[in-house]
Number of protein chains: 2
Amino acid sequence: MAENGYADLEKQMLLLHDHQEKHFMSSEIVRDIIIGVSDGLTVPFALAAGLSGAEVTSSIILIAGIAEVAAGAISMGLGGYLAAKSEADHYVRELKREQDEIIAVPDTEAAEVAEILAQYGVQPHEYGPVVNALRRNPQAWVDFMMKFELGLEKPDPMRALQSALTIAISYIMGGLVPLLPYMIIPVAKEAVIASVVLTIVALLIFGFAKGYFTGSQPFKSAIQTAFIGAIASAAAYSIAKAFRA
Amino acid sequence: MAENGYADLEKQMLLLHDHQEKHFMSSEIVRDIIIGVSDGLTVPFALAAGLSGAEVTSSIILIAGIAEVAAGAISMGLGGYLAAKSEADHYVRELKREQDEIIAVPDTEAAEVAEILAQYGVQPHEYGPVVNALRRNPQAWVDFMMKFELGLEKPDPMRALQSALTIAISYIMGGLVPLLPYMIIPVAKEAVIASVVLTIVALLIFGFAKGYFTGSQPFKSAIQTAFIGAIASAAAYSIAKAFRA
């Protein structure tokens, strides 16, 4: 009966591929776009609004804004590149360590597998065969330890470069929105009003899209995103005004 | 013999707690400090250097810099808060879904456990008892699916607030370093030199510490971090100069 049960399990496993689970997995690219656009929309917007509080001309606001966008895109882009690179390096170091440990202290590593499964109430006579199966197959054993002990996934080698470019371009796209009015309207006091309206609309649309693509409530996300932009620029405006006075 | 083998495994498991594996796990707080300080040191620094290329006074550079630090700290801090919050919400949604699926489609979920273990070359007669053990214990089964199918860890409820404050304070600390010279030296052309020297030194020290605390090479990290700051501010400087001309 038991043997038959396991055969059923195998049949079920084959059927599994027909069953699509709709767990929402937001991809890493979506995350990078969100990081870039939300900071890009918010910080140059707040900086420009802040400087308008200090009564400087549109052209100085524009220079400061564009300098900020360039600096922010490079800093966040290269920062993202190095973060992804160091994640990949971390994986390689830990992989090497697990490979060494499986050879040097196999009994300890086998006990670690046992401990992982015991956490879920599985008894020694139940997990024993699994531990033995892994010991038979060192490559699979290492993969098992990487995922189940350390929670590390094999990183994509193109990830670092892709992440850098995605974040930087998103930051520039986001950052140019609030600066657009300062390019067209020479009087800073008028440009700032157009910039506020344009950016709040952009933050609401972006927040909505962000909520939609990450599987949370789009309307709540729209309001939250616009709120962050408003708070940041109100703070920048007040501080700049206080310093100018 | 087999039974004896599994008893040995249990004994080994108890011994395990004496054996400390030195896998370097950089804590989430360290990550938040790194995010805040590295962006805080780089962007206001580059902005200030960029504006000095546009030949504006120290006082306008200072106002722009402080407005940027305020906006950046709020944007990144609140952004970090919402990111941690949406991670926690995502966990709760997926937990609910797994709990429902284990009741609604237990055979499918059991086949998913089988599929996870089969990936590591474990045979049906070996993983069968583990699958049955999980079916006996629905709470452990749900935990197993959350961790091993979805790779999700239970989030700390205080994490969102802690993350927001850590990032914001780190950004302010980092951002004030390059602005310090502009507070003391009224001539922008002189202040920018002091700011460059001070910030490069700070980037080197911070990069070294970052490498040290994340388990990678400290010297390489010091050079990389200073390099990002230099590239970002050179770009901001060139762009601001081009726009002013």
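Quick note on labels: first sequence line is chain A, next is B, and so on, each numbered from 1.
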Using a cut-off of under 4.5 Å for heavy-atom pairs, which of A/I61, A/V43, A/T42, A/I231 has the most such pairs with chain B?
A/V43
Side chains of B/F148 and A/I116 in contact at under 4.5 Å (non-hydrogen atoms)
yes
Just wondering, do B/Y120 and A/K147 contact through their side chains at under 4.5 Å, heavy atoms?
yes
Not counting sequence neighbours, which residues clear side-chain hydrogen bond (donor to acceptor under 3.5 Å, both in side chains) with B/R136? List them please.
A/E126
Under 4.5 Å from a heavy atom of chain B, the part of A/S75 involved
both
Please report the interatomic distance CD(B/E68) to CG(A/L51), rounded to the nearest 0.5 Å.
10.5 Å
Student check: side-chain heavy atoms of B/L47 and A/L47 closer than 4.5 Å:
yes
Tell me which of these, B/I34, B/N137, B/T225, B/I74, has more heavy-atom pairs under 4.5 Å with chain A than the rest.
B/I74
Under 4.5 Å from any heavy atom of chain B, what part of A/L117 do you find: side chain, backbone, both or neither?
side chain
Heavy-atom proximity to chain A below 4.5 Å, by part of B/L78
both
Separation between CD of B/Q217 and CG of A/D89, rounded to the nearest 0.5 Å:
7.5 Å
What option among B/G79, B/A46, B/A64, B/G50 has the most heavy-atom pairs under 4.5 Å with chain A?
B/A64
In terms of heavy-atom pairs under 4.5 Å, which option from A/L134, A/V113, A/V122 contacts chain B the most?
A/V122
Which answer fits A/D143, side chain, backbone, both or neither, if we ask what part of it has an atom under 4.5 Å from a heavy atom of chain B?
both
Show the nearest heavy-atom pair for residues A/A236 and B/A71, with the distance to one decimal.
CB-CB, 4.3 Å
Heavy-atom pair count under 4.5 Å with chain A, highest-scoring of B/L62, B/I35, B/V130, B/V69
B/V130
